[in-house]
Structure formats: structure tokens, C-alpha cells
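Here the structure comes first, spelled out in C-alpha cells, and everything after it is commentary.
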Amino acid sequence: MRLFKRVSVFILCFSLAIFIYSCSDSSTDPGDPSQEEFNSKAGTGESAEHFLQSDTYSNIEIELDYMEGYKPTEGAIDSLESFLNNRLNKNSITINTSKIPARGDGPYSTEMITTIEEDERDNYTEASGSTLHAYIVVVDGELSDNPNVLGIAYWNTSMALFGETIDNISSSDPTSPSEQQVENTVLRHEVGHNMGLVGNGTPTQSDHKTEDSAHCTNDECLMAPSVQTGDIFQNISGDVPSLDEACIQDLKANGGK
Ligand SMILES: [Zn+2]
Ligand SMILES: [Zn+2]
């Protein structure tokens, strides 16, 4: 317990300002929506409505690539799926996992991760389609900027988990959270950012956004900043922190459930 407390765990808290400007607005004919491209390199939370609602995309498919040796537990995948089923208004929710070669190039910068995505991602959202495609990659290393970060949501449909950091946290002490617990929490938290929480793509319905980041002021919420310190696992009674009522109200007001 003491050892675990010393480990400062940051679960993703980058609203990374990576904006790749596409010129789709000027290069397409506005009269023909089928020619407009879906920008998969917009900022975190910018496609929140597309995650939550079914107006444009009635289905969601998540491609989860893991580097060899860092396969997420089946329980974590099931847990993410039930989380999405509970919050997204979609006809179908699919998570496809596949193994990709280990690179051994860690620690990884966000830029390196975007290159891995370009190499490995197979599915992108088509503006004229009915399926929103999202991408999660589990890498075999740590984040170069901060070795305690467990995951990041770096583009509007793109997220990464740091397998080595998750392993370290879940095996640091006999009282540490299990690998599945950590994975459950990180996966939900990162997708939560791309669902526009908190106040970053999905407008807040009450005053519960932290001042300096897209997080919730409720210490026990999935989107709380206390998640960043790893203390979240000691603050909660269940396995995985839940979204609190304030965050759920935000999602409902933006077309989720
Ligand atoms: Zn966060
Ligand atoms: Zn909350």
C-alpha cells in the first residue's frame, strides 16, 4: 500500500494540442456531403457528439491494437464494451483486438505514437458511412514526457495505453490494483475524454469542471483528477471508478445516455 502510494500515477491528462489542419473545407464541394472527409486528426473531444449520438454514425467500431506481450485482459475489453453500451446511443458497438509487433522503441513520445497509428491503423471513419471508427493502441513502453502516465487521448478518435506503465502499477505491491482494474479504468477514462468530458467537447450542465484541465471536481468520479495520483483505487469501493451523476448528465444532454 505504501509503495503504491508513492507511485504517482497519471492517467492521461493531456488534451494534447495536436491539430493537423486538413484542407477538406476548401477542397471539397460543399454541395456534395459524400465528398467531405471525416477528419481523424482533430483535437480530443471534438467528435464527442459522433461518439454519443446516432444521428450521423449509428454504429461504433473500435480497433484495439496491442503490441506483443501487452494484450489487455478479456475482462477489460468486456468492461469497456459494457461502459460504451451504457453511455452511447449506438445500434452496435464492436471492439476488435489484434496483435501488432513489439517495437521496443520506448519511451514513446506522442509523435512516435501517431507514427505507429499511421503504420498500424486499418479503419478510418468515412463521412458518408454509418460507422464511427476509433483507435486504441497499447504500446510496449512508457510515455517519454512522463513515465507515470497510463494513457492518453491524443486525437478525436485516437487513444494510447502505456503497457509497461500499467504492468508496473499493477504489480508494484501485493495490495496494488489488478491489471484488469487498471486497464478498465484507463480505457474508460481515455474514451471519456473523447466523449467530450469534462467540458471539452461536451458542454457541462453543472459546475464540476476542474480549473486547469478537462476533469471532474468529484474525487470519486472516473474523470476526477485524483485518478492522476493513483489514489483513485483507494478512494472507491468498487473495482473501477464510475462516472458520477454530473458527468452522466453532461453526456445525456449531448445525445448520450
Ligand atoms: Zn484525464
Ligand atoms: Zn464526474
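None of the values given here were measured: they were computed from a predicted structure. When a ligand or atom number is given, it counts from 1 through the structure's own listing order.
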> Backbone or side chain, does His208 get an N/O/S atom under 2.8 Å to the Zn ion (ligand 2)?
Replying inline: no
> Can you name the N, O or S atom of His189 that is closest to the Zn ion (ligand 1)?
Replying inline: NE2
>> Quick check for you: with the Zn ion (ligand 2) as the vertex, what angle do SG of Cys221 and SG of Cys247 span, to 10°?
In response: 100°
>> So if I apply the side chain to side chain contact (heavy atoms under 4.5 Å, CB included) rule between Met195 and each of Leu88, Thr202, Asn254, which one comes out positive?
In response: Leu88
> Which N, O or S atom name in His215 marks its closest approach to the Zn ion (ligand 1)?
Replying inline: NE2
>> Please check this pair: side chain of Gln181 against backbone of Ser178, looking for a donor-acceptor N/O pair closer than 3.5 Å.
In response: yes
>> I'd like to know whether Glu183 forms a salt bridge (Lys or Arg N to Asp or Glu O under 4.0 Å) with Lys71, so could you lay out the CA-CA distance, the side-chain angles of the two residues, the decisive distance to 0.1 Å, and finally the verdict.
In response: CA-CA 10 Å; Glu183 288 170 351; Lys71 183 180 187 179; over 6 Å; no
>> Using the rule given for salt bridge (Lys or Arg N to Asp or Glu O under 4.0 Å), can you reason through Arg103 versus Asp119, listing the C-alpha separation, both sets of side-chain angles and the distance that settles it, and then say yes or no?
In response: CA-CA 12 Å; Arg103 298 204 174 205; Asp119 291 348; 3.2 Å; yes
> With the Zn ion (ligand 2) at the center, what angle do OD1 from Asp244 and SG from Cys216 span, rounded to 10 degrees?
Replying inline: 120°
>> Determine whether His208 and His215 satisfy the following criterion, ring-ring contact (aromatic ring centres under 6.0 Å, His included), listing intermediate values before the conclusion.
In response: CA-CA 8 Å; His208 70 109; His215 291 102; over 10 Å; no
